[in-house]
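The structure appears below as structure tokens.
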Number of protein chains: 2
Amino acid sequence: MSLPHAILTALLEKPSSGLELTRRFDRSIGYFWPATHQQIYRELGKLEQAGFIRALPSEQPSRGQKKEFEVLPAGRAELTAWASGEQDAKPVRNALVLRLRAAAVVGRAGLDTELRRHLALHQRQLAEYEEIEARDFGAVADPKDRLRRLVLRAGVGLETFWVQWLQEALAEVEDMADDGEAGGRPGE
Amino acid sequence: MSLPHAILTALLEKPSSGLELTRRFDRSIGYFWPATHQQIYRELGKLEQAGFIRALPSEQPSRGQKKEFEVLPAGRAELTAWASGEQDAKPVRNALVLRLRAAAVVGRAGLDTELRRHLALHQRQLAEYEEIEARDFGAVADPKDRLRRLVLRAGVGLETFWVQWLQEALAEVEDMADDGEAGGRPGE
DNA sequence: GGCTGTTATGCAACAAGTTGCAAAAACTGT
DNA sequence: ACAGTTTTTGCAACTTGTTGCATAACAGCC
């Protein structure tokens, strides 16, 4: 149940329409809670239904016409409650690591390619985070910004970890390829 | 589409019944791809249907009676194919980080408690990984074990990161509580 | 005025994971 | 033999996320 709260947070930062939200998700909140526009529209509907947000009464709202939402007091209360309660950490799922484990059983053909591909992805993401950090957080005092910076530090730290681990993994896999056959165990 | 392949991997390592699989998931593969017994039984059914695995023909299989599965050639082929293709890295979702961001907007009441709780969880997980590493991987040469060790290293690295980040976050949040009010912004 | 492309909102079907419960067999104590 | 508990298998409903497509408004162009 996090998407609605992610949306409430975003709307409190700035009232927005569905598409605006989608775009903002693409480059900030979405780093830790991605969402497509379909998800967002659906959730906006529910939040409005529940009385947590409302459409700004600018014009008659019709399909294809922009509709801005703002958070109502009930919505702020809901978010506050959510943010002060406990959350049971959702399990982590990682297909790449799983694949490594599979490679231990059926052979490591194509494994290095995949590792390199992921390495590039994580390096790019890391660069993006570091760019944001350099741009938006020079010297910070405002508590609000300090928290946001912590969020970014999590991103940087995570990507740094993955880059390091992938390099380690690549070195290991290449070393294994040197002595021994090239692609694991071809036919069992 | 990773759960079936996780199961195939586990079954290739050792043919098992549904419950055995569930237990093995709880302490190895499940670290990176958790699954409940309900999921596993459902998936076993599909895999059998698809001709990837079969029940060992020990007895007449009925409800409540143990049923062991083994991987058929088609299943091994499927896993091999999956393990050599590309995988589009699934997005990461993290509610705790999201919550930090919410705290920047509605106040950080209860935040330190939650951070401490998560810190304890990650410390325990890290200890568990390190114990496994010490026990199972003294000096390794077998390629199979080197890959499995890499998987474990990913776990260790990830948990280490979270522990560090949480400590950093806690220090920061406590520092913010010192100067300024204690619980964020109570009523806006 | 009609064509085309972009912006914006949304439905519907599907896929995957979660939760709660139930039922058959096997084990355990009396 | 029987009752109660545990093991093992499984169904069904629900929630969340994904994918593909539909529809309306608007803007520019010829």
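So you know, we letter chains A, B, ... as the sequences are listed, proteins then strands, and number each from 1. Because the structure is a prediction, the values reported are computed rather than measured.
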Inset, instruction - Measure from CZ on B:Arg42 to C1' on C:dT18 and round the result to the nearest Å. - result: 9 Å
Inset, instruction - Name the orientation class of the two ring planes belonging to B:Tyr129 and B:Phe32 (parallel below 30°, tilted from 30 to 60°, perpendicular beyond 60°). - result: parallel
Legend entry - Within residues 17-38 of chain A, residues whose heavy atoms come under 4.0 Å of DNA chain D: A:Trp33, A:Thr36, A:Gln38
Legend entry - Protein-nucleotide distance (A:Asp88, atom CG; D:dT16, atom P), rounded to Å: 12 Å
Inset, instruction - Kindly check if the number of other-residue, nucleotide or ligand heavy atoms within 6.0 Å of CZ (A:Arg116) is above 12? - result: yes
Inset, instruction - Find the distance A:Lys90:NZ to C:dA16:P and express it as a whole number of Å. - result: 16 Å
Inset, instruction - Before accepting this row, confirm whether a basic side-chain N of the pair B:Arg117/B:Glu114 lies closer than 4.0 Å to the acidic partner's carboxylate O. - result: yes
Legend entry - Presence of salt bridge, B:Arg149 and A:Glu172, under 4.0 angstrom: no
Legend entry - Counterpart residues, side-chain contact (heavy atoms from CB on, under 4.5 Å), relative to A:Ala6 (two or more places apart): A:Phe25, A:Ile29, B:Leu98
Legend entry - Whole-Å distance separating the CD atom of B:Glu43 from the P atom of C:dG17: 8 Å
Inset, instruction - Measure the distance from CD1 on B:Ile40 to C1' on C:dA16 and round it to the nearest whole Å. - result: 14 Å
Inset, instruction - Take the protein atom CE of A:Met1 and the nucleotide atom P of D:dC14, then report the distance between them rounded to whole Å. - result: 16 Å
Inset, instruction - To the nearest Å, give me how far apart CG (B:Leu47) and P (D:dT9) are. - result: 15 Å
Inset, instruction - Answer yes or no: does a side-chain N or O of A:Lys67 lie under 4.0 Å from OP1 or OP2 of C:dG10? - result: yes
Legend entry - Interatomic spacing from OG1 in A:Thr9 to CH2 in A:Trp82 - rounded to 0.5 Å: 6.5 Å
Legend entry - Integer-rounded Å distance: C:dG10 P and A:Lys46 NZ: 15 Å
Legend entry - Base of D:dT16 paired with side chain of B:Arg93 (donor-acceptor, under 3.5 Å): no
